[in-house]
Amino acid sequence: MMIKDTDFITEVPVFIKGKVRNVYDLGDSLLMIVTDRISAFDVVFDELIPNKGKVLSSISAFWFDFTKDIIPNHVITTDPKEYPMGLDKYAAELEGRSMLVKKVNMLPAECIVRGYLEGSALKEYKANGTVGGIKMPEGMRQGDKLPEPLFTPSTKEETGHDINITYDQLKEILGEEDAVALHDAAIALYNKVSEYALTKGLILADTKFEFGKIDGKLVVADEMFTPDSSRFWDASDYEPGRAQKSFDKQYLREWLETLDWDKTYPAPTLPEEVINKTAEKYAECYSRLTGKEN
């Protein structure tokens with residue numbers, strides 16, 4: 001079944017409704033549910049992407065477990081039959097697309113790690129020869145591997161787009177100790193997962209994390225290494241100097257760029273071909289990385 005919203009849950013109050021996720025407040029914990037909604041350029045579309053919510057939630061659960069030796073996370077359980085307050089009766093609707101998590105005091109930063117030259121890093125490099133304010137070698141092409149993975153944080157804005165900042169600016173915002181801890185954790189997470197992804201024929205070009213604290217201890221939260229928060233490329237098709245074959249919503253973005261649309265609400269109608277192709281991209285990313293079918 002596809003899920004556009006979760007209004008069928010009436011037992012507990014809504015904590016927040018995002019573009020894709022609905023979160024419910026269970027007192028000392030939260031229930032995070034990933035719908036099949038999709039957004040691009042900060043606009044949510046009316047059409048749903050089959051199984052997208054299950055892919056995003058299940059792949060996050062996979063990575064939270066895979067990386068727990070590096071840093072703790074906020075997951076309590078992903079089994080709806082174990083959810084409290086009678087929510088287990090929605091097990092059929094929530095299976096594979098939800099998780100019960102601890103409440104986290106989130107830190108005000110997006111922590112981005114880049115291993116390859118793409119996206120806003122490519123734009124910065126073309127303009128200034130830098131990535132995250134760090135000077136890069138001359139003559140780099142789109143998709144080139146960076147000399148080493150770079151930590152390039154950004155702010156978390158309530159409205160509008162996040163703003164890229166330097167590591168030194170992050171230290172001013174969070175303080176030296178927390179900024180260094182985020183840097184070290186983010187780089188370690190990227191290195192472990194990028195090495196693993198390569199064994200599955202995928203390149204992890206870049207990714208972003210959100211961190212917070214539980215009882216003063218640093219944890220990683222929200223989502224991890226999903227097609228919405230990361231760029232995964234097909235290693236067999238990798239060729240610097242052009243856009244790469246990706247397993248995320250880049251396919252959707254590229255299709256939208258062919259339209260006469262100003263990237264504001266209302267969103268254009270997605271044809272069935274684009275919906276199905278986008279769903280295939282998400283499903284293939286999940287199966288190749290985890291070895292499971294969703």
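Since this is a predicted model, take the numbers as computed values, not measurements.
- The ring pair (Phe, Tyr, Trp, His ring centres under 6.0 Å) check on Y24 picks up nothing, with sequence neighbours excluded.
- Ion pair D42/K19 flagged as a salt bridge, since at least one NZ, NE, NH1 or NH2 atom sits closer than 4.0 Å to an Asp/Glu carboxylate oxygen.
- Counting heavy atoms from C-beta on, the side chains of V12 and D25 never come closer than 4.5 Å.
- Using a 4.5 Å cut-off on side-chain heavy atoms (C-beta onward), K281 and K277 make contact.
- Hydrophobic clustering (ILVMFWY, side-chain heavy atoms < 4.5 Å, transitive): I9 and M99 are in distinct clusters.
- In the model, T77 has no side-chain atom that pairs as donor or acceptor with a side-chain atom of D79 under 3.5 Å.
- For the pair V180 and E177, the minimum side-chain heavy-atom distance is 4.5 Å or more.
- For the pair E176 and K171, the salt-bridge criterion is met [side-chain N within less than 4.0 Å of a carboxylate O].
- Within a 6.0 Å sphere centred on OH of Y265, heavy atoms belonging to other residues, nucleotides or ligands number 12 at most.
- By the neighbour-count criterion of 12 heavy atoms within 6.0 Å, atom NZ of K200 is densely surrounded, having more than that number from other residues, nucleotides or ligands.
- Between F66 and F62, the two ring planes are parallel [angle under 30°; tilted spans 30° to 60°].
- Side-chain contact between P50 and D36 is absent, with no heavy-atom pair separated by less than 4.5 Å.
- Judged by distance alone, the side chain of N128 and the main-chain N or O of Y125 form no donor-acceptor pair under 3.5 Å.
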If you apply the rule salt bridge (Lys or Arg N to Asp or Glu O under 4.0 Å), what do you find for R242 with E239, and how did you get there? CA-CA 7 Å; R242 60 166 173 79; E239 184 182 335; 3.7 Å; yes
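- Using a 4.5 Å heavy-atom threshold, the side chains of P266 and V43 count as separate.
- Taking Y167 as the reference, F151, H183 meet the ring pair (Phe, Tyr, Trp, His ring centres under 6.0 Å) condition, with sequence neighbours excluded.
- Contact check on K4 versus E47 returns no salt bridge, with no Lys/Arg side-chain nitrogen under 4.0 Å from an Asp/Glu carboxylate oxygen.
- Checking side-chain atoms of R288 against main-chain N and O of A283 turns up no donor-acceptor pair under 3.5 Å.
- Ring pair F232/W63 is parallel by interplanar angle, where below 30° counts as parallel and above 60° as perpendicular.
- Using a 4.0 Å cut-off between charged nitrogen and carboxylate oxygen, K208 and D228 do not count as a salt-bridge pair.
- Counting heavy atoms from C-beta on, the side chains of V23 and I33 never come closer than 4.5 Å.
- Listed for the S60 side chain is no donor-acceptor partner under 3.5 Å among the backbone atoms of S57.
- Using a 4.0 Å cut-off between charged nitrogen and carboxylate oxygen, E95 and K54 do not count as a salt-bridge pair.
- In this structure, E223 pairs ionically with R21, as a charged nitrogen and a carboxylate oxygen lie closer than 4.0 Å.
- A donor-acceptor pair is defined here as one N or O able to donate and one able to accept, closer than 3.5 Å; such a pair exists between the side chain of S287 and the backbone of E284.
- Residue F41 qualifies as enclosed at atom CZ: its count of foreign heavy atoms under 6.0 Å is above 12.
- Between the side chain of K52 and the backbone N or O of R37 there is at least one donor-acceptor pair closer than 3.5 Å.
- Between S39 and K249 the shortest side-chain heavy-atom distance falls below 4.5 Å.
- The heavy-atom pair separating W261 from F45 by the smallest distance is CH2-CZ, 4.1 Å.
- Contact annotation: the side chain of E280 never approaches that of Y251 to less than 4.5 Å [non-hydrogen atoms, C-beta and beyond].
- Qualifying ring pair (Phe, Tyr, Trp, His ring centres under 6.0 Å) partners for H74, counting only residues two or more places apart in sequence or in other chains: F64.
- A121 approaches R114 most closely through the heavy-atom pair CB-CD, 3.5 Å.
- By the neighbour-count criterion of 12 heavy atoms within 6.0 Å, atom NZ of K263 is densely surrounded, having more than that number from other residues, nucleotides or ligands.
- A pairwise comparison of heavy atoms in N164 and S120 identifies ND2-OG, 3.6 Å as the closest pair.
- Listed by chain and residue number, nothing satisfies the side-chain hydrogen bond (donor to acceptor under 3.5 Å, both in side chains) test with N105 (two or more places apart in sequence, or in another chain).
- Within the 3.5 Å criterion, the main-chain N or O of L204 finds a donor-acceptor partner in the side chain of Y190.
- Judged by distance alone, the side chain of T35 and the main-chain N or O of V20 form a donor-acceptor pair under 3.5 Å.
- Salt bridge status for D178 with K213: present, with a side-chain N to carboxylate O gap under 4.0 Å.
- Nearest approach of V75 to V101, heavy atoms of both residues: CA-CG1, 4.2 Å.
- Counting all heavy atoms, side chain and backbone alike, A243 lies closest to E254 at CB-OE2, 4.5 Å.
- Between K192 and E195, none of the side-chain N atoms (NZ, or NE/NH1/NH2) sits under 4.0 Å from a carboxylate O, so this pair counts as no salt bridge.
- In this structure D88 satisfies the salt bridge (charged side-chain N to carboxylate O under 4.0 Å, His left out) test with no other residue, sequence neighbours excluded.
- When hydrophobic clusters are built by joining Ile, Leu, Val, Met, Phe, Trp and Tyr residues whose side-chain heavy atoms come closer than 4.5 Å, directly or via intermediates, L182 is not grouped with V219.
- Heavy-atom minimum distance, Q244 versus D237: OE1-O, 3.8 Å.
- For the pair E124 (side chain) and G132 (backbone), a donor-acceptor distance under 3.5 Å is present.
- In this structure, D215 places its CG atom where only 12 or fewer heavy-atom neighbours from other residues, nucleotides or ligands lie under 6.0 Å away.
- Under the 3.5 Å distance criterion, the side-chain polar atoms of T166 are matched with a main-chain donor or acceptor of Q169.
- With sequence neighbours excluded, the residues satisfying ring pair (Phe, Tyr, Trp, His ring centres under 6.0 Å) with W233 are Y116.
- The closest side-chain donor-acceptor pair between S98 and Y83 falls under 3.5 angstrom.
- Formation of a donor-acceptor pair under 3.5 Å by the Y196 side chain with backbone atoms of L289 is found in this model.
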